[in-house]
Chemist: 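Below you'll find the structure I mean.
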Amino acid sequence: MELEAFVAVAEELHFGRAAARLHRGQPTVSDAVRRLENTLGGRLFHRTSRRVSLTGLGEALLPDAHAALAQLRRFQQRGRSLAAGEGARTTLGVAHAEYTGHQLLLRCLPQLHDRFPDLTIVPETMSTAAQVTALRAETIGLGIGWATDGVTGVRARVLSTERFMALVPATHRLSGHAELSASELSGSDLLTWPHQINSGLCDRLLSAFRIGGADLRIIRTAGDVHAVAAHVAAGAGIGITVESALDHEPPGLRVIPLVGPSTTADQVVLTAAEPSDTAVALRDLLLHASSRSPTHT
């Protein structure tokens, strides 16, 4: 419970939303985080009456917490398989980061099952940084995330290059634009993904604004694009997402591509340095499907 509470609060940056996500009471989640902090001997979160944010210790440990939970789920899945007399079945942990086009993964899994009928797939939602940690620890076999500088010990292949997109209320002064630059969004109230979920995307977006000499003003973050769209529709500001995360134009909003340097990001498939046969097969299916996708750029 302690690790689940830590990860939920770290991703939501709100104890109430984390409690709702875990279907627990807020005091239960707060107590679980406090017990974990006492065990570790350090604070995981900065807490004020208005804001929750990760401490340096929390940021450093979040990928390890994701990897540990992935290992626990893998253990549980394998235990259920053995208890059911399915000892010959193999398991492949597959992770994908928020905002990635997981529809591509869903299209490829039936083909993988055709080739490996005894394979059990354990899906996970996991940040790119946590995927790298889990791949090194061999607690997952494959991940789909975002290109990040300085990653070692894993193999990365580009699936697609995604454009940043702005979600703009239909009544906003910018809604009539066919494209938007960072300078045109300078100083606007922006809503996007949390840094701890997608640091690679955040760094890329920050680079676009720096190159454009613009002021990046993120006022709110949300763990998925639907939550961002809901806040935008409520008038909180302009949302930023990536093209593959959108399967339709949300009602009342315009989806406008960003243009200029650093306004694209590479979606990548990650495997261990020595991947399993099943991980290689799934990676190759994903690369083939991506090359044939009409949204591939």
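These numbers were taken from a predicted model, which means no experiment stands behind them.
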Chemist: Check side-chain contact (heavy atoms from CB on, under 4.5 Å) between Ala65 and all other residues, then give those that pass, not counting sequence neighbours.
Modeler: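 Ala65 satisfies side-chain contact (heavy atoms from CB on, under 4.5 Å) with Leu3, Phe6, Val7 once adjacent residues are dropped.
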
Chemist: Please name all residues satisfying salt bridge (Lys or Arg N to Asp or Glu O under 4.0 Å) with Arg34, sequence neighbours left out, ordered by chain then number.
Modeler: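 Testing Arg34 for salt bridge (Lys or Arg N to Asp or Glu O under 4.0 Å), a comparison that skips the adjacent residues, returns Asp31.
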
Chemist: Please report the interatomic distance CZ(Arg163) to OG1(Thr263), rounded to the nearest 0.5 Å.
Modeler: 7.0 Å

Chemist: In chain order, what residues pass the salt bridge (Lys or Arg N to Asp or Glu O under 4.0 Å) check against Arg210, with sequence neighbours excluded?
Modeler: none

Chemist: Heavy atoms only: give me the nearest Leu54-Ala10 pair and the separation to one decimal.
Modeler: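 Distance-wise, the nearest heavy atoms are CD2-CB, 4.0 Å.
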
Chemist: Determine all donor-acceptor pairs shorter than 3.5 Å in which one atom belongs to a side chain in residues 273-283; sequence neighbours excluded.
Modeler:
unit_1 : atom_1 : unit_2 : atom_2 : d
Ser276 : OG     : Thr278 : OG1    : 3.1
Ser276 : OG     : Ala279 : N      : 3.1

Chemist: Between the side chain of Gln131 and the main-chain N/O of Met126, is any donor-acceptor distance below 3.5 Å?
Modeler: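 Checking the backbone N and O of Met126 against the side chain of Gln131, a donor-acceptor pair under 3.5 Å is found.
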
Chemist: When you compare the side chains of Gln26 and His14, does any donor N or O come within less than 3.5 Å of an acceptor on the partner?
Modeler: no

Chemist: Going by side-chain hydrogen bond (donor to acceptor under 3.5 Å, both in side chains), name the residues that satisfy it together with Arg157, two or more places apart in sequence or in a different chain.
Modeler: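 Applying side-chain hydrogen bond (donor to acceptor under 3.5 Å, both in side chains) to Arg157 gives none.
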
Chemist: Under a 4.5 Å cut-off applied to non-hydrogen side-chain atoms, are Met165 and Ile256 in contact?
Modeler: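 They are not in side-chain contact.
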
Chemist: Checking Thr148 now: which residues fulfil side-chain hydrogen bond (donor to acceptor under 3.5 Å, both in side chains) with it, not counting sequence neighbours?
Modeler: none

Chemist: Roughly how far, to the nearest 0.5 Å, is NE2 of His66 from CD1 of Ile140?
Modeler: 11.0 Å

Chemist: Restricting to non-hydrogen atoms, name the atom on Glu37 and the atom on Leu44 that form the minimum distance, rounded to 0.1 Å.
Modeler: OE2-N, 2.8 Å

Chemist: With sequence neighbours left out, what residues match Ala147 under side-chain contact (heavy atoms from CB on, under 4.5 Å)?
Modeler: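 Asp266, Val268.
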
Chemist: Mind checking what makes side-chain contact (heavy atoms from CB on, under 4.5 Å) contact with Ala166, not counting sequence neighbours?
Modeler: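 So Ala166 forms a side-chain contact (heavy atoms from CB on, under 4.5 Å) with Val168, Leu180, Ile238, Ile240, Leu258.
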
Chemist: Sequence neighbours left out, what pairs pass ring-ring contact (aromatic ring centres under 6.0 Å, His included) with at least one residue falling in residues 21-40?
Modeler: none

Chemist: Write out all pairs satisfying ring-ring contact (aromatic ring centres under 6.0 Å, His included) with one or both partners inside residues 153-187, taking only residues at least two apart or from two chains.
Modeler: Phe164-Trp193

Chemist: Determine the minimum heavy-atom distance between Ala182 and Phe209, stating which atoms define it.
Modeler: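 Smallest interatomic distance, heavy atoms only, reads O-CE2, 3.6 Å.
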
Chemist: Nearest 0.5 angstrom please: Gln267 CD to Glu162 CD, how far?
Modeler: 5.0 Å

Chemist: Output all residues satisfying salt bridge (Lys or Arg N to Asp or Glu O under 4.0 Å) with Arg136, sequence neighbours left out; order by chain, then residue number.
Modeler: none

Chemist: Name all residues meeting the salt bridge (Lys or Arg N to Asp or Glu O under 4.0 Å) criterion together with Asp64; count only those two or more places apart in sequence or in a different chain, and write none if there are none.
Modeler: none

Chemist: Test Arg35 against Glu2 for salt bridge (Lys or Arg N to Asp or Glu O under 4.0 Å), laying out the working first.
Modeler: CA-CA 7 Å; Arg35 287 196 302 271; Glu2 286 86 354; 2.9 Å; yes

